[in-house]
**Q** 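Just dropping this structure here.
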Amino acid sequence: MLSRKLFAAVLTTLIAFFIVPVFLYEESGTYFLIGLAVSTMAVPVLFFIGILSSIVIESYTGRRHIGWSFGIHLCFGVLCAIIFSLKMDGLLLTALLISLVYVTLFFIIDSMTKVIEEKNIQK
């Protein structure tokens, strides 16, 4: 399970580096700077808090309740965004947008790899 979560986190990091700046892009030449700035804050949170909370959520909800599991993942993402925005005034909406992108990507990639993993085990 941990290796699947690590894989999902790495892939999420790579994809989100290019997706998040689309929502925050303002001037020419700052696209990759935005991706880098967001990644320096979001990636450590994803790897430490995100993976640990995802393992706990998956062990609690199981495979049966995928909607419930996504909702709890989203709640953890919103909680991290709120905590981050307490230190940075006026960034709540931006932090919520970033957490929504990261949580959704992570959840989709993790769910897809879990399905692929289960199909390979059944063969």
Side-chain angles (χ1 to χ4, degrees):
M1 179 187 323
L2 181 62
S3 63
R4 187 182 76 238
K5 301 286 184 191
L6 285 170
F7 174 75
V10 168
L11 202 54
T12 298
T13 300
L14 294 173
I15 294 171
F17 178 83
F18 296 103
I19 290 178
V20 170
V22 169
F23 299 109
L24 305 174
Y25 187 65
E26 293 177 4
E27 322 174 352
S28 63
T30 62
Y31 185 85
F32 291 109
L33 282 173
I34 292 171
L36 183 63
V38 169
S39 293
T40 57
M41 296 303 288
V43 170
V45 172
L46 173 65
F47 274 88
F48 293 115
I49 297 170
I51 290 175
L52 292 175
S53 64
S54 183
I55 290 171
V56 170
I57 292 168
E58 187 174 326
S59 65
Y60 175 71
T61 60
R63 179 81 173 121
R64 303 177 305 267
H65 306 287
I66 195 160
W68 181 246
S69 178
F70 178 68
I72 297 172
H73 275 84
L74 204 54
C75 288
F76 272 97
V78 168
L79 182 65
C80 287
I82 290 171
I83 291 170
F84 172 76
S85 67
L86 290 175
K87 293 197 73 120
M88 308 297 264
D89 292 334
L91 288 181
L92 180 61
L93 283 176
T94 305
L96 287 172
L97 176 68
I98 292 168
S99 69
L100 176 69
V101 169
Y102 270 85
V103 166
T104 304
L105 281 172
F106 179 83
F107 188 79
I108 289 170
I109 294 168
D110 185 44
S111 296
M112 288 174 39
T113 54
K114 185 174 184 177
V115 168
I116 291 169
E117 209 175 63
E118 288 174 353
K119 283 184 180 181
N120 286 339
I121 290 173
Q122 291 176 357
K123 287 183 179 183

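On a predicted model such as this, the values are computed, not experimentally measured, just so you know.
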**Q** So which heavy atom on Pro44 is nearest to which on Ser39, and how close?
**A** CD-O, 3.8 Å
**Q** Drop me the distance from Leu79's CG to Ile72's CD1, to the nearest 0.5 angstrom.
**A** 13.0 Å
**Q** Group every Ile, Leu, Val, Met, Phe, Trp and Tyr by side-chain heavy-atom contacts under 4.5 Å, then state whether Ile57 and Val45 land in the same group.
**A** no
**Q** Check side-chain contact (heavy atoms from CB on, under 4.5 Å) between Ser85 and all other residues, then give those that pass, not counting sequence neighbours.
**A** Leu92
**Q** At what distance, to the nearest 0.5 angstrom, does OG1 of Thr12 lie from CG of Leu46?
**A**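 Output value for this atom pair is 6.0 Å.
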**Q** Using a 4.5 Å cut-off on heavy atoms from C-beta on, say whether the side chain of Tyr102 contacts that of Val20.
**A** yes
**Q** With sequence neighbours excluded, give me every salt bridge (charged side-chain N to carboxylate O under 4.0 Å, His left out) pair touching residues 37-47.
**A**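 Of all non-adjacent pairs touching residues 37-47, none passes salt bridge (charged side-chain N to carboxylate O under 4.0 Å, His left out).
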**Q** If I take atom CZ from residue Phe17 and atom CD1 from residue Ile34, how far apart are they, to the nearest 0.5 angstrom?
**A**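 So the gap between those two atoms works out to 10.5 Å.
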**Q** For side chain to side chain contact (heavy atoms under 4.5 Å, CB included), just list the numbers for Thr13 and Phe47, CA-CA rounded to whole Å, side-chain angles, deciding distance to a tenth of an Å, and then say yes or no.
**A** CA-CA 9 Å; Thr13 300; Phe47 274 88; 3.6 Å; yes
**Q** Is there a side-chain contact between His73 and Ser54 in this structure, where contact means two heavy atoms from C-beta onward sitting under 4.5 Å apart?
**A**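 Result yes, sub-4.5 Å side-chain heavy-atom pair found.
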**Q** Between the main-chain N or O of Val101 and the side-chain N or O of Thr104, is there a donor-acceptor pair closer than 3.5 Å?
**A**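 A pair under 3.5 Å: no.
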**Q** Check the hydrophobic clustering (I, L, V, M, F, W, Y; side-chain heavy atoms under 4.5 Å; chains of links allowed) and say if Val56 and Ile66 are grouped together.
**A** no
**Q** Indicate yes or no: at least one non-hydrogen side-chain atom of Phe84 is less than 4.5 angstrom from one of Thr94.
**A** no
**Q** So which heavy atom on Ala81 is nearest to which on Ser99, and how close?
**A** CB-OG, 3.8 Å
**Q** Are Ile83 and Val78 joined in one hydrophobic group, where the rule is that I, L, V, M, F, W and Y side chains link up if heavy atoms are under 4.5 Å apart?
**A** no
**Q** Are side-chain heavy atoms of Leu93 and Leu97 found at a separation under 4.5 Å?
**A** no
**Q** Do Val10 and Ile15 sit in one hydrophobic cluster, given that two such residues count as connected whenever their side-chain heavy atoms are within less than 4.5 Å of each other, even indirectly?
**A**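 In one cluster: yes.
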**Q** Could you grab the distance from atom CD1 of Ile98 to atom CZ of Phe23, nearest 0.5 Å is fine?
**A**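 It is 10.5 Å, given to the nearest 0.5 Å.
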**Q** Using the rule that Ile, Leu, Val, Met, Phe, Trp and Tyr join whenever any side-chain heavy atoms are under 4.5 Å apart, tell me whether Phe48 and Phe106 fall into a single cluster.
**A**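 Result: no, two separate clusters.
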**Q** List in chain and number order the residues that pass ring pair (Phe, Tyr, Trp, His ring centres under 6.0 Å) with Phe70, two or more places apart in sequence or in another chain; answer none if no residue qualifies.
**A**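 Phe70: ring pair (Phe, Tyr, Trp, His ring centres under 6.0 Å) contacts with Phe107.
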**Q** Can you tell me how far the NZ atom of Lys5 sits from the NZ atom of Lys114, to the nearest 0.5 Å?
**A**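 Lys5 atom NZ to Lys114 atom NZ measures 7.0 Å (nearest 0.5 Å).
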**Q** Is there a side-chain contact between Leu100 and Leu96 (heavy atoms, below 4.5 Å)?
**A**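 SC-SC contact between Leu100 and Leu96 ruled out.
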**Q** With side chains defined as the heavy atoms from C-beta onward, is the minimum distance between Val22 and Tyr31 less than 4.5 Å?
**A** yes
**Q** Could you state the interatomic distance from CE (Met1) to CD1 (Ile51), rounded to the nearest 0.5 Å?
**A**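 Interatomic distance, Met1 CE to Ile51 CD1, rounded to 0.5 Å: 12.5 Å.
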